[in-house]
Amino acid sequence: MQNDSNFTFVLFGGTGDLSMRKILPALFEAHRGGMLAEGGKIVAVARAAEDRDAYLDWVNEHVKPHVSKNGVDDAVWKGFLARFVYVRLDLGKPEDFKLLRDAVNELGGTRVFYLATGPSLFVPICRALADVGLNENARIVLEKPLGYDLKSSKAINDAVGEIFAEEQIYRIDHYLGKEPVQNLLALRFGNALFEPLWRREWVESIQITIAEELGVEARGDFYDNTGALRDMVQNHLLQLLSIVTMEPPHSMDSDSVRDEKLRVLRALKPVDPRDISKVAVRGQYHAGVIKGTSVPAYATEKGVRPDSHTETFVALKVEIENWRWAGVPFFLRTGKRLADRTAEIVVNFRPVPHSALGGTALRAGANRLVIRLQPNETIRLYCLAKQPGEGMNLASVHLDLAFDKFFKEGQMEAYQRLLLDVINGRLALFVRRDEQEAAWRYVEPILDEWAASQKPPKPYASGTWGPAAASAMLAQHGTCWLEEEN
Ligand code: BG6
């Protein structure tokens with residue numbers, strides 16, 4: 001879809017890791033797909049490159065490898081490079097922002113400022129933009145992490161909010177841009193079939209897992225001051241939970257969806273610090289083997305303190321205090337260096353109230369919906385069926401929807417969708433301030449308890465599914481993680 005909205009996309013942190021791996025490749029894909037207005041420009045802002053030529057050399061060397069998996073047509077690539085303007089800028093020098101203002105004022109269209117920088121730079125950059133009048137008629141994109149806790153997140157939001165109105169602020173949670181997450185909305189609100197069952201009367205428990213095989217990679221320093229609760233739970237997992245459990249919005253406009261998500265986040269049952277060991281498990285990976293490859297312990301990764309208590313794994317039991325969900329346990333889990341890379345939602349429906357078919361009611365593998373978000377997006381409905389032949393013997397079978405078989409093309413990367421949404425002024429997939437603060441409010445007692453505790457996180461060997469305590473937590477509710485059934 002060719003887009004008519006002309007734009008000037010200003011990228012702070014133009015030579016950073018995120019720009020290289022995600023933002024510029026996503027803009028390239030949008031360019032290649034003809035989704036960007038012809039006159040749209042990318043103003044890269046950095047200090048490292050001397051001038052535009054040097055910057056383009058950097059793009060050729062570092063960005064091209066991330067897009068070339070689909071092959072790159074030379075003419076298309078040249079057209080992409082032609083969109084670039086480069087401004088060398090030292091954040092500490094107000095006069096450099098005047099150069100930026102002059103460059104931006106020469107260009108037309110919607111102004112987008114993307115801050116692909118550390119959060120400590122958000123406020124100084126916003127203030128410097130305001131000093132040269134660049135905050136008018138502009139959109140600002142903030143990457144996570146936005147703050148370290150509720151207080152620091154409020155401080156950033158207050159300061160940015162003095163310069164930009166809420167509807168100018170696009171807070172990224174890239175999970176919201178993922179195709180399968182969009183599909184969750186389609187599944188829930190496009191089909192009448194599931195809605196009557198999507199409640200406490202019929203749902204026994206729900207699991208949401210985001211598991212990674214990767215460790216902390218080159219981000220040891222950042223990660224060691226962050227941990228899995230801040231890195232994954234406060235944002236991605238709680239956003240997924242709110243989409244799975246929200247009430248049907250009245251429309252898909254940005255505030256209708258975000259209002260419903262907020263209601264869920266506000267209804268999360270606060271964690272009582274005395275119960276912390278019953279509802280929260282934290283772990284840290286030790287050395288191990290993942291799919292045949294030996295990997296080192298977290299504590300020996302570059303940038304990590306050898307005696308670190310930072311968690312690389314979290315499992316939580318969450319409850320939602322409203323009529324739809326009261327009493328249903330939600331088990332959330334995420335971790336690095338686990339046995340497999342997967343993100344999935346498992347909805348366990350209640351078993352039949354009386355098994356007229358005799359025999360032991362087969363619980364495992366029936367009355368269950370598994371929504372696999374990645375890799376290989378699939379929706380799988382498990383039911384019981386009669387085994388062929390004599391007698392009434394039941395077996396677990398499943399109905400499958402594999403998205404790549406159904407829709408052969410057209411999948412869009414999360415960042416591409418989100419960047420197009422920013423350019424086109426669509427806020428629905430961005431996190432509103434009140435949602436973000438409600439999520440911080442929920443995780444904060446857990447963060448505080450863990451920070452105060454002298455106990456280290458529970459160890460787990462890389463290549464496993466985390467500490468045994470995470471399984472014990474589910475066993476208390478008569479259930480287990482999906483992979484433990486197989
Ligand atoms: C990021 C986290 O937000 O999400 C990373 O900071 C994590 O630590 C990543 O690896 C996972 O995203 P995805 O899209 O690969 O599941």
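Small disclaimer: the values here were computed from a predicted structure and weren't measured. Reckoned from all heavy atoms, side chains included, excluding hydrogens, waters and symmetry mates.
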Side-chain ion pair, [X] and [Y], N-O less than 4.0 Å:
{"X": "R305", "Y": "D224", "value": "yes"}
{"X": "E212", "Y": "R341", "value": "no"}
{"X": "E413", "Y": "R417", "value": "no"}
{"X": "D400", "Y": "R372", "value": "no"}
{"X": "R32", "Y": "E29", "value": "yes"}
{"X": "D434", "Y": "R432", "value": "yes"}
{"X": "E483", "Y": "R333", "value": "yes"}

Can you find a heavy atom in the side chain of [X] that is under 4.5 Å from one in the side chain of [Y]?
{"X": "W198", "Y": "T245", "result": "no"}
{"X": "T209", "Y": "W481", "result": "yes"}
{"X": "I371", "Y": "L184", "result": "yes"}
{"X": "Y114", "Y": "L142", "result": "no"}
{"X": "T110", "Y": "R139", "result": "yes"}
{"X": "E444", "Y": "Q234", "result": "no"}
{"X": "R219", "Y": "D231", "result": "yes"}
{"X": "V43", "Y": "L11", "result": "no"}

Rounded to the nearest 0.5 Å, what's the gap from [atom1] on [X] to [atom2] on [Y]? Could you check?
{"X": "K41", "Y": "T8", "atom1": "NZ", "atom2": "OG1", "result": "9.0 Å"}
{"X": "I320", "Y": "F330", "atom1": "CD1", "atom2": "CZ", "result": "4.0 Å"}
{"X": "H398", "Y": "L381", "atom1": "NE2", "atom2": "CG", "result": "10.5 Å"}
{"X": "D421", "Y": "L176", "atom1": "CG", "atom2": "CG", "result": "10.5 Å"}
{"X": "E162", "Y": "D158", "atom1": "CD", "atom2": "CG", "result": "7.0 Å"}
{"X": "I156", "Y": "K151", "atom1": "CD1", "atom2": "NZ", "result": "12.5 Å"}

Would you confirm whether [X], through its side chain, and [Y], through its main-chain N or O, come within 3.5 Å as a donor-acceptor pair?
{"X": "Q168", "Y": "A165", "answer": "yes"}
{"X": "Q239", "Y": "V233", "answer": "no"}
{"X": "S242", "Y": "L240", "answer": "no"}
{"X": "Y86", "Y": "A46", "answer": "yes"}
{"X": "R230", "Y": "T226", "answer": "yes"}
{"X": "D253", "Y": "D255", "answer": "yes"}
{"X": "Y55", "Y": "G14", "answer": "yes"}
{"X": "D90", "Y": "G92", "answer": "yes"}
{"X": "R188", "Y": "V244", "answer": "yes"}
{"X": "R258", "Y": "F430", "answer": "yes"}

Would you list the pairs meeting salt bridge (charged side-chain N to carboxylate O under 4.0 Å, His left out) in which at least one residue belongs to residues 95-117, sequence neighbours left out?
->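 Found none.
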Scan residues 163-176 for pairs that pass salt bridge (charged side-chain N to carboxylate O under 4.0 Å, His left out), counting only residues two or more places apart or in two chains.
->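 Sorted result for residues 163-176: E166-R171.
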Is the number of heavy atoms from other residues, nucleotides or ligands under 6.0 Å of [X] [atom1] greater than 12?
{"X": "N137", "atom1": "CG", "result": "no"}
{"X": "E195", "atom1": "CD", "result": "yes"}
{"X": "K64", "atom1": "NZ", "result": "yes"}
{"X": "D74", "atom1": "CG", "result": "no"}

Aromatic rings F12 and F113: how do their planes relate, parallel, tilted or perpendicular, breaks at 30° and 60°?
->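 Aromatic pair F12/F113 classed tilted.
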Could you go through the side-chain contact (heavy atoms from CB on, under 4.5 Å) check for F313 and T464 one step at a time?
-> CA-CA 11 Å; F313 174 98; T464 64; over 6 Å; no
Is the ring centre of Y460 less than 6.0 Å from the ring centre of W465?
->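 No.
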For L36, which of F80, F9, F7, F28 qualifies under side-chain contact (heavy atoms from CB on, under 4.5 Å)?
->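 It is F7; the other options fail the test.
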Any luck finding a side-chain donor-acceptor pair between [X] and [Y] under 3.5 Å?
{"X": "Q374", "Y": "E344", "value": "no"}
{"X": "S256", "Y": "D259", "value": "no"}
{"X": "Y223", "Y": "E217", "value": "no"}

Closest non-hydrogen atom pair, [X] against [Y]:
{"X": "A228", "Y": "V314", "answer": "CB-CG2, 3.7 Å"}
{"X": "S19", "Y": "P25", "answer": "O-CD, 3.5 Å"}
{"X": "L482", "Y": "Q207", "answer": "N-OE1, 3.2 Å"}
{"X": "H309", "Y": "R282", "answer": "O-NH1, 3.3 Å"}
{"X": "A211", "Y": "L338", "answer": "CB-CD1, 3.7 Å"}
{"X": "I23", "Y": "L419", "answer": "O-CD1, 3.7 Å"}

Tell me, please, whether F84 has R52 positioned over its six-membered ring: NZ or CZ under 6.0 Å from the ring centre and within 45 degrees of its axis?
->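 Ring-cation test returns no.
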Are V85 and I42 close enough, and set up right, to give a side-chain contact (heavy atoms from CB on, under 4.5 Å), and what steps lead you there?
-> CA-CA 6 Å; V85 171; I42 303 167; over 6 Å; no
Starting from the C-alpha separation in whole Å, work towards a yes-or-no answer on side-chain contact (heavy atoms from CB on, under 4.5 Å) for I379 and L187.
-> CA-CA 10 Å; I379 297 182; L187 178 82; 3.8 Å; yes
Could you list the donor-acceptor pairs under 3.5 angstrom formed between side-chain atoms of residues 283-295 and any protein atom two or more places apart in sequence or on another chain?
| unit_1 | atom_1 | unit_2 | atom_2 | d |
| --- | --- | --- | --- | --- |
| Q284 | NE2 | S308 | O | 3.0 |
| Q284 | NE2 | T310 | O | 2.9 |
| Y285 | OH | V216 | N | 3.2 |
| Y285 | OH | E301 | OE2 | 2.6 |
| K291 | NZ | E213 | OE2 | 2.6 |
| K291 | NZ | D340 | OD1 | 2.7 |

Take N157 and Q436 through the side-chain hydrogen bond (donor to acceptor under 3.5 Å, both in side chains) test and state the conclusion after the steps.
-> CA-CA 10 Å; N157 280 325; Q436 192 188 48; 3.0 Å; yes
Worked verdict on R127 versus D131 for salt bridge (charged side-chain N to carboxylate O under 4.0 Å, His left out) | CA-CA 6 Å; R127 289 198 176 131; D131 286 344; over 6 Å; no
